[in-house]
Amino acid sequence: MRPRRHLAIFLKAPRLGQVKSRLAAGIGWVEATRFHRAQAQRLIRLLGRDRRWRTTLWLAPRGALGQRDLPGLNLRRFDQGLGDLGQRMARPFRRLPSGDVVLVGSDIPGLTAMIVAQAFRLLLSHDAVFGPAFDGGYWLVGFKSARRRRHRFGVVRWSTRHALSDTLAGLKCARVALLPKLTDIDTPADYRRWRSRSR
């Protein structure tokens, strides 16, 4: 029987003035919030109905579970909870039922179901899988069922070019696979390059 697979989508509620602050500094809050909402909707439509895994939404900030304009209302939803990014990301790996878990962000236009399926395939022969970003962070992280509840992200310099290398340094004796690099849209420069390619 095929092992159970869980896909966790990390998502901030699309509230004006509360999402994509670095992006908003260059393109304005309205456009940044519109981009964030559109990408979240695209990702949930693309991945949420795929029967190769069970998709759950992990939402922030506190109280976002009751927000009615969020997409994916038919998917099971959880609060990300308190703490830094590492503490919040650790919760799906601890709380979801048995099986491999892959976690993705919501601001990666290049992310597809094929890439998520590849991540789960890599977990058949690896302990962990990461999707590196060009800025030194990562847009996907996954752990094999036997390892995921034990992992703690530890000391990671989040939102810097060291985020992936710091995380990998804490994975001693783990078999780690890397997916191809993709761009997560965090800055006005990222956004302009994405718009140019989209045209």
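Side chains are part of it too, since the values below use all heavy atoms of this structure and drop only hydrogens, waters and symmetry mates. Numbers here are sequence positions counted from 1.
Side-chain atoms of Lys20 come within 3.5 Å of backbone N or O of Ile185 as a donor-acceptor pair. Without hydrogens or angle criteria, Ser196 side chain to Arg192 main chain gives no donor-acceptor distance under 3.5 Å. With His6 contributing its side chain and Pro97 its backbone, the two residues share a donor-acceptor pair below 3.5 Å. Remark: the backbone N or O of Pro132 is paired with a side-chain donor or acceptor of Trp139 at under 3.5 angstrom. Formation of a donor-acceptor pair under 3.5 Å by the Gln18 side chain with backbone atoms of Arg15 is not found in this model. Formation of a donor-acceptor pair under 3.5 Å by the His126 side chain with backbone atoms of Leu122 is found in this model.
Using a 4.5 Å heavy-atom threshold, the side chains of Leu164 and Phe130 count as touching. Proximity of Ile44 to Thr55: side-chain heavy atoms (C-beta onward) are nowhere separated by under 4.5 Å. Under the 4.5 Å side-chain criterion, counting only non-hydrogen atoms from C-beta, Gln80 is not in contact with Leu59. Considering only heavy atoms from C-beta on, Leu140 comes within 4.5 Å of Val102 through its side chain. No side-chain heavy atom of Arg54 sits less than 4.5 Å from a side-chain heavy atom of Arg5. Looking at Val141 and Val129, their side chains never come closer than 4.5 Å, going by heavy atoms from C-beta outward.
The CZ atom of Arg91 lies 6.5 Å from the CZ atom of Arg94; values are rounded to the nearest 0.5 Å. The OG1 atom of Thr167 lies 7.0 Å from the CE atom of Met89; values are rounded to the nearest 0.5 Å. Atom-to-atom distance recorded for Arg45:CZ and Asp50:CG is 15.0 Å, nearest 0.5 angstrom. One finds the OG atom of Ser106 at 11.0 Å from the CD atom of Gln41 (value rounded to the nearest 0.5 Å). Note: Leu47 CG to Trp53 CH2 = 6.0 Å, rounded to the nearest 0.5 Å. Rounded to the nearest 0.5 angstrom, Ser159 OG and Leu85 CG are separated by 7.0 Å.
The number of heavy-atom neighbours closer than 6.0 Å to CZ of Arg49, taken from other residues, nucleotides and ligands shown, is 12 or below.
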Run the side chain to side chain contact (heavy atoms under 4.5 Å, CB included) test on Ile9 and Thr56 for me, step by step, so that the C-alpha distance in whole Å, both residues' side-chain angles and the decisive distance to 0.1 Å come before the verdict.
CA-CA 6 Å; Ile9 298 178; Thr56 53; over 6 Å; no
Worked check of side chain to side chain contact (heavy atoms under 4.5 Å, CB included) between Gln87 and Leu82
CA-CA 8 Å; Gln87 291 169 319; Leu82 300 175; over 6 Å; no
Yes or no on ring pair (Phe, Tyr, Trp, His ring centres under 6.0 Å) for Phe10 and Trp58, after CA distance, side-chain angles and deciding distance?
CA-CA 5 Å; Phe10 241 46; Trp58 293 76; 7.1 Å; no
Verdict with reasoning, Phe35 to Trp194, per ring pair (Phe, Tyr, Trp, His ring centres under 6.0 Å):
CA-CA 11 Å; Phe35 167 80; Trp194 169 71; 5.1 Å; yes
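Leu16 and Leu23 are not part of a single hydrophobic cluster, where members link through side-chain heavy atoms under 4.5 Å apart. In this structure, Val176 is a member of the same hydrophobic cluster as Phe153, with clusters built from ILVMFWY side-chain heavy atoms closer than 4.5 Å. Connection of Leu75 to Leu46 is established within a shared hydrophobic cluster, with ILVMFWY side chains joined at heavy-atom distances below 4.5 Å, either directly or through further cluster members. Connection of Ile27 to Val19 is not established within any shared hydrophobic cluster, with ILVMFWY side chains joined at heavy-atom distances below 4.5 Å, either directly or through further cluster members. At a threshold of 4.5 Å between side-chain heavy atoms, the hydrophobic network of Ile, Leu, Val, Met, Phe, Trp and Tyr places Val101 and Leu171 in one connected group.
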Distance-only check: which donor-acceptor pairs under 3.5 Å involve side-chain atoms of residues 108-117, not counting sequence neighbours?
| from | atom 1 | to | atom 2 | distance (Å) |
| --- | --- | --- | --- | --- |
| Thr112 | OG1 | Met114 | N | 3.4 |
| Thr112 | OG1 | Ile115 | N | 3.3 |

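Comment: Arg161 does not engage Asp135 in a salt bridge, judged by the lack of any side-chain N to carboxylate O separation of less than 4.0 angstrom. Using a cutoff of 4.0 Å between basic side-chain nitrogens and carboxylate oxygens, Lys144 and Asp127 are not scored as salt-bridged. The pair Arg157-Asp166 counts as a salt bridge, with a side-chain nitrogen and a carboxylate oxygen less than 4.0 angstrom apart. Under a 4.0 Å N-O distance rule, the pair Asp100/Arg4 does not qualify as a salt bridge.
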